A.B. asks: 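Sending over a structure as structure tokens; questions will come in a sec.
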Amino acid sequence: MALTPRAEVSELFPNVQQEIARLSALPEIRSAFAWLRAQEPQFAHWQLELARIPAPPFGEAARAAWLAEKFRDLGLDDVHNDDVGNVFGTHRGHGKSYVALSAHIDTVFPAGTPLNLKQQGSRLYGPGVSDNGAGVTAMLAIAALLCAVRIRHDLHFVFIGNVGEEGEGDLRGMRHIFSAPRWKDSIAYSVVLDGAGSDTIVAEALGSRRFEVIVRGPGGHSWSDFGAPNPILVLARAIQAFTETPVPLSPKTTFNVGVIRGGTSVNSIPESASMRVDIRSTSMAEMERLEQALRLALDHAVEDESQAAEKRASSQRRPFGLSCEVVVIGNRPAGELDSNAPILQVIRAVDAQLGNAAQVQRASTDANIPLSLGREAIAIGGGGLGGGAHTLQEWFDCSGRELGLKRILLTLLALAGVSG
Ligand SMILES: [Zn+2]
């Protein structure tokens with residue numbers, strides 16, 4: 001999606017732009033900005049502290065406990081964990097609905113990864129410091145601010161440190177929140193903080209489906225059992241057919257065969273072979289279509305290899321059966337915001353107010369879940385600058401965090417409503 005020029009935003013949505021200007025000029029918001037600036041050393045300290053607590057996929061409990069304690073210390077209400085380990089804290093407004101500010105607390109790093117975090121000047125180094133140390137810290141910063149500076153907001157805020165965003169976590173934390181009766185209808189807007197930066201707005205949820213395909217056969221000796229059906233040949237046939245499936249440029253749709261395994265030795269007919277397939281699109285229909293193409297290619301490949309094996313086999317040796325199992329190992333739903341969605345109007349107006357150039361993007365984030373349900377959601381960065389995500393060389397630069405925090409604050413307050 002193209003970036004809408006700033007001038008156009010204010011022409012299209014004059015009231016939103018005026019409202020953001022009004023908010024920015026309120027004395028309590030001016031003091032909020034000053035407070036955020038003064039607290040930067042505290043924010044950097046929190047960021048290092050949390051990144052030192054291991055949070056591998058399905059092992060986020062220690063970091064969740066740390067966050068719950070911070071929520072309590074700050075003075076948030078109703079601090080609690082849910083069944084899957086998400087941490088919640090609220091700041092009360094007046095209405096019934098909530099504006100949710102969330103950040104995933106899990107990392108990609110497996111248990112046992114050395115978490116050597118250090119600070120040099122304005123730079124923080126170490127695994128997870130930016131993804132999602134930056135997001136969690138920005139969420140804490142906003143929560144701390146609302147507890148320290150009195151701002152009357154209409155809707156309630158709920159702050160959420162959620163589990164299971166990365167990899168095999170498969171958005172389980174967010175999925176659970178949006179299936180919980182307490183939250184699924186009461187969260188009116190979701191702002192997801194993921195990583196560093198202030199220059200993007202994720203408003204399109206890139207969906208993905210991931211499969212592990214396992215083909216099994218009787219196996220055998222390459223010479224004496226020649227003719228037995230071969231699982232590797234099934235995969236080869238299936239890959240050939242599947243990867244010829246046409247995909248549209250728009251909505252962008254992709255596929256990948258990323259891992260292939262199997263076999264015993266050069267002179268054995270394999271007993272099994274497997275592959276991992278990744279399908280991505282912003283369109284649910286395209287993902288469905290490609291999944292069907294994959295399943296069809298596998299069915300045909302099993303059939304063709306069985307027939308070919310019968311031809312290869314000597315008349316007295318009938319080939320044994322082949323089986324094929326398709327296991328879903330990832331399923332992230334796709335979705336996108338309407339271009340006139342209020343949440344998008346608000347963040348664009350905030351960017352215009354702050355003179356911040358940001359681009360609307362598609363990505364796979366926690367926002368996939370609300371977006372796929374047709375709800376108002378965006379994912380943005382926690383400010384500052386970051387790099388080396390998902391590597392041990394990850395870094396975060398705190399300079400510029402202030403802009404990101406102002407951006408988050410104004411967006412949240414505009415969504416919640418602040419009485420004049
Ligand atoms: Zn992340």
Side-chain angles (χ1 to χ4, degrees), residues 43 46-48 50-60 63-64 66-67 84-87 100-110 113 115 117 124-142 159-178 190-208 210 278 280 330 332-333 358 361-372 377-397 401 404-405 407-408:
F43 301 155
W46 282 339
Q47 194 162 346
L48 291 170
L50 82 92
R52 287 190 179 111
I53 306 169
F58 300 93
E60 301 100 334
R63 195 175 285 188
W66 177 90
L67 185 62
V84 299
N86 297 313
V87 184
L101 184 65
S102 69
H104 72 84
I105 59 173
D106 58 313
T107 69
V108 294
F109 303 101
T113 304
L115 300 176
L117 275 291
L124 314 178
Y125 296 89
V129 74
S130 179
D131 182 12
N132 195 18
V136 178
T137 302
M139 174 178 67
L140 270 176
I142 300 294
F159 297 91
I160 309 170
N162 63 277
V163 298
E165 191 272 340
E166 302 282 7
E168 61 263 49
D170 206 28
L171 310 183
R172 70 192 175 101
M174 220 35 161
R175 238 183 266 269
H176 192 263
I177 294 161
F178 278 89
S190 302
V191 177
V192 169
L193 299 177
D194 201 341
S198 308
D199 55 349
T200 57
I201 305 162
V202 176
E204 292 180 54
L206 176 58
S208 65
R210 291 168 180 173
D278 167 83
R280 295 176 180 236
R332 296 176 176 227
Q361 292 191 344
R362 67 169 81 92
S364 174
T365 69
D366 277 324
N368 280 48
I369 299 296
L371 286 172
S372 73
I378 50 171
I380 58 178
L385 263 183
H390 298 194
T391 73
L392 299 178
Q393 286 72 45
E394 194 169 348
W395 58 270
F396 176 81
D397 197 318
R401 190 199 312 262
L405 295 180
R407 184 178 187 232
I408 298 162

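Predicted model, so just to flag it, every value in this text is computed and none were measured. Each ligand, and each atom within it, is numbered from 1 in the order the structure gives.
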A.B. asks: On a heavy-atom basis, which atom in Val202 and which in Ala363 lie closest, and how many Å separate them?
C.D. replies: CG1-N, 3.8 Å
A.B. asks: So, using side-chain contact (heavy atoms from CB on, under 4.5 Å) as the criterion, who are the partners of Asp397 when residues are at least two apart?
C.D. replies: Ser122, Arg123, Leu385, Trp395, Ser399
A.B. asks: Which residues pass the salt bridge (Lys or Arg N to Asp or Glu O under 4.0 Å) test with Arg407, not counting sequence neighbours?
C.D. replies: Asp351
A.B. asks: Please check if the side chain of Asn368 supplies one atom and the backbone of Leu206 the other of a donor-acceptor pair under 3.5 Å.
C.D. replies: yes
A.B. asks: From the Zn ion (ligand 1), how many protein N/O/S atoms are found at a distance short of 2.8 Å?
C.D. replies: 3
A.B. asks: Run the side chain to side chain donor-acceptor pair (under 3.5 Å) check on Arg52 and Gln47 step by step: do they pass?
C.D. replies: CA-CA 9 Å; Arg52 287 190 179 111; Gln47 194 162 346; over 6 Å; no
A.B. asks: Output all residues satisfying side-chain hydrogen bond (donor to acceptor under 3.5 Å, both in side chains) with Asp278, sequence neighbours left out; order by chain, then residue number.
C.D. replies: Arg210, Arg280
